[in-house]
Amino acid sequence: TGRTARPTTLRVALTAGATVTVRGEHGTKTIVAKRFAFKTGGRKQLPLGTLKAATYAVTTTATDGATQAVDRAALRVLPGR
(Lines give C-alpha, C1' and ligand atoms only; values in the text may rest on other atoms or scores of the structure.)
Protein backbone atom coordinates (compact mmCIF):
# COMPACT_ATOMS: atom_id res chain seq x y z
CA THR A 1 0.00 0.00 0.00
CA GLY A 2 1.32 3.40 -0.95
CA ARG A 3 0.21 7.02 -1.07
CA THR A 4 -0.10 9.37 -4.05
CA ALA A 5 1.93 12.11 -2.36
CA ARG A 6 5.01 9.89 -1.94
CA PRO A 7 7.12 8.05 -4.50
CA THR A 8 6.50 4.30 -4.48
CA THR A 9 9.41 1.95 -3.79
CA LEU A 10 9.20 -1.83 -4.04
CA ARG A 11 11.49 -3.90 -1.84
CA VAL A 12 12.69 -7.29 -3.03
CA ALA A 13 15.26 -9.88 -1.97
CA LEU A 14 17.57 -11.45 -4.56
CA THR A 15 19.62 -14.58 -3.95
CA ALA A 16 22.17 -13.58 -6.61
CA GLY A 17 22.87 -10.79 -9.06
CA ALA A 18 20.12 -10.42 -11.64
CA THR A 19 18.36 -8.14 -14.07
CA VAL A 20 14.96 -7.22 -12.62
CA THR A 21 12.06 -5.97 -14.73
CA VAL A 22 9.04 -4.42 -13.00
CA ARG A 23 5.77 -3.84 -14.83
CA GLY A 24 2.77 -2.13 -13.23
CA GLU A 25 -0.58 -2.37 -15.00
CA HIS A 26 -3.96 -0.78 -14.34
CA GLY A 27 -6.59 -2.69 -16.27
CA THR A 28 -5.06 -3.42 -19.68
CA LYS A 29 -2.80 -0.37 -19.65
CA THR A 30 0.86 -0.51 -18.58
CA ILE A 31 1.50 2.42 -16.25
CA VAL A 32 5.13 1.80 -15.29
CA ALA A 33 7.80 -0.48 -16.74
CA LYS A 34 11.38 -0.29 -15.45
CA ARG A 35 14.49 -2.43 -15.63
CA PHE A 36 17.18 -2.65 -12.95
CA ALA A 37 20.53 -4.50 -13.02
CA PHE A 38 22.14 -5.78 -9.82
CA LYS A 39 25.58 -7.41 -9.64
CA THR A 40 25.03 -8.91 -6.18
CA GLY A 41 22.18 -10.49 -4.28
CA GLY A 42 20.55 -9.18 -1.11
CA ARG A 43 17.75 -6.78 -0.25
CA LYS A 44 17.08 -4.26 -2.98
CA GLN A 45 14.81 -1.23 -3.43
CA LEU A 46 13.13 -0.57 -6.77
CA PRO A 47 11.93 3.04 -7.13
CA LEU A 48 8.78 3.32 -9.26
CA GLY A 49 8.11 7.03 -8.83
CA THR A 50 4.84 8.73 -7.97
CA LEU A 51 1.72 6.81 -8.99
CA LYS A 52 -1.92 7.91 -9.14
CA ALA A 53 -4.48 6.44 -6.75
CA ALA A 54 -5.52 3.01 -8.05
CA THR A 55 -4.90 -0.71 -7.67
CA TYR A 56 -2.08 -1.94 -9.88
CA ALA A 57 -1.15 -5.46 -10.95
CA VAL A 58 2.63 -5.61 -10.46
CA THR A 59 4.75 -8.25 -12.21
CA THR A 60 8.41 -8.59 -11.21
CA THR A 61 10.70 -10.71 -13.39
CA ALA A 62 14.25 -11.51 -12.26
CA THR A 63 16.60 -12.99 -14.87
CA ASP A 64 20.04 -14.45 -14.16
CA GLY A 65 21.42 -16.04 -17.32
CA ALA A 66 19.05 -18.85 -18.27
CA THR A 67 17.19 -18.74 -14.93
CA GLN A 68 14.03 -16.67 -14.61
CA ALA A 69 11.72 -16.02 -11.64
CA VAL A 70 8.36 -14.24 -11.89
CA ASP A 71 6.37 -12.78 -8.97
CA ARG A 72 2.97 -11.11 -9.14
CA ALA A 73 1.19 -8.93 -6.61
CA ALA A 74 -1.47 -6.26 -6.23
CA LEU A 75 -0.31 -2.78 -5.24
CA ARG A 76 -2.83 -0.31 -3.81
CA VAL A 77 -2.01 3.38 -3.98
CA LEU A 78 -4.30 5.48 -1.78
CA PRO A 79 -5.07 9.18 -2.21
CA GLY A 80 -3.77 11.73 0.29
CA ARG A 81 -0.73 12.34 2.44
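Sequence positions, counted from 1, serve as the residue numbers for this chain.
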State, to 0.1 Å, how close Thr55 and Ala74 come at their nearest heavy-atom pair, and which atoms those are. CG2-CB, 4.5 Å
Within the structure provided, determine whether Val20 and Leu14 are in side-chain contact (heavy-atom separation under 4.5 Å). yes
Test of understanding: with side chain to side chain contact (heavy atoms under 4.5 Å, CB included), list the residues that count as partners of Thr15, not counting sequence neighbours. none
Please tabulate, for side-chain N and O atoms in residues 30-52, each donor-acceptor pair with protein atoms closer than 3.5 Å (sequence neighbours left out).
unit_1: Thr40; atom_1: OG1; unit_2: Lys44; atom_2: NZ; d: 3.4
unit_1: Lys44; atom_1: NZ; unit_2: Thr40; atom_2: O; d: 3.4

Contact between Thr60 and Val70 at the side-chain level, heavy atoms closer than 4.5 Å - yes or no? no
Can you give me every donor-acceptor pair (side chain of residues 2-13, partner residue at least two apart or in another chain, under 3.5 Å) with its distance?
unit_1: Arg3; atom_1: NH1; unit_2: Pro79; atom_2: O; d: 2.9
unit_1: Thr4; atom_1: OG1; unit_2: Gly80; atom_2: N; d: 3.4

Among pairs that include at least one residue of residues 57-81, which meet ring-ring contact (aromatic ring centres under 6.0 Å, His included), considering only residues two or more places apart or in two chains? none
Qualifying ring-ring contact (aromatic ring centres under 6.0 Å, His included) pairs, either residue in residues 61-81, two or more places apart: none
What is the distance from atom CZ of Arg23 to atom CZ of Arg72, rounded to the nearest 0.5 Å? 11.5 Å
Hey, could you give me each pair passing ring-ring contact (aromatic ring centres under 6.0 Å, His included) that has a residue in residues 51-81? Not counting sequence neighbours. His26-Tyr56
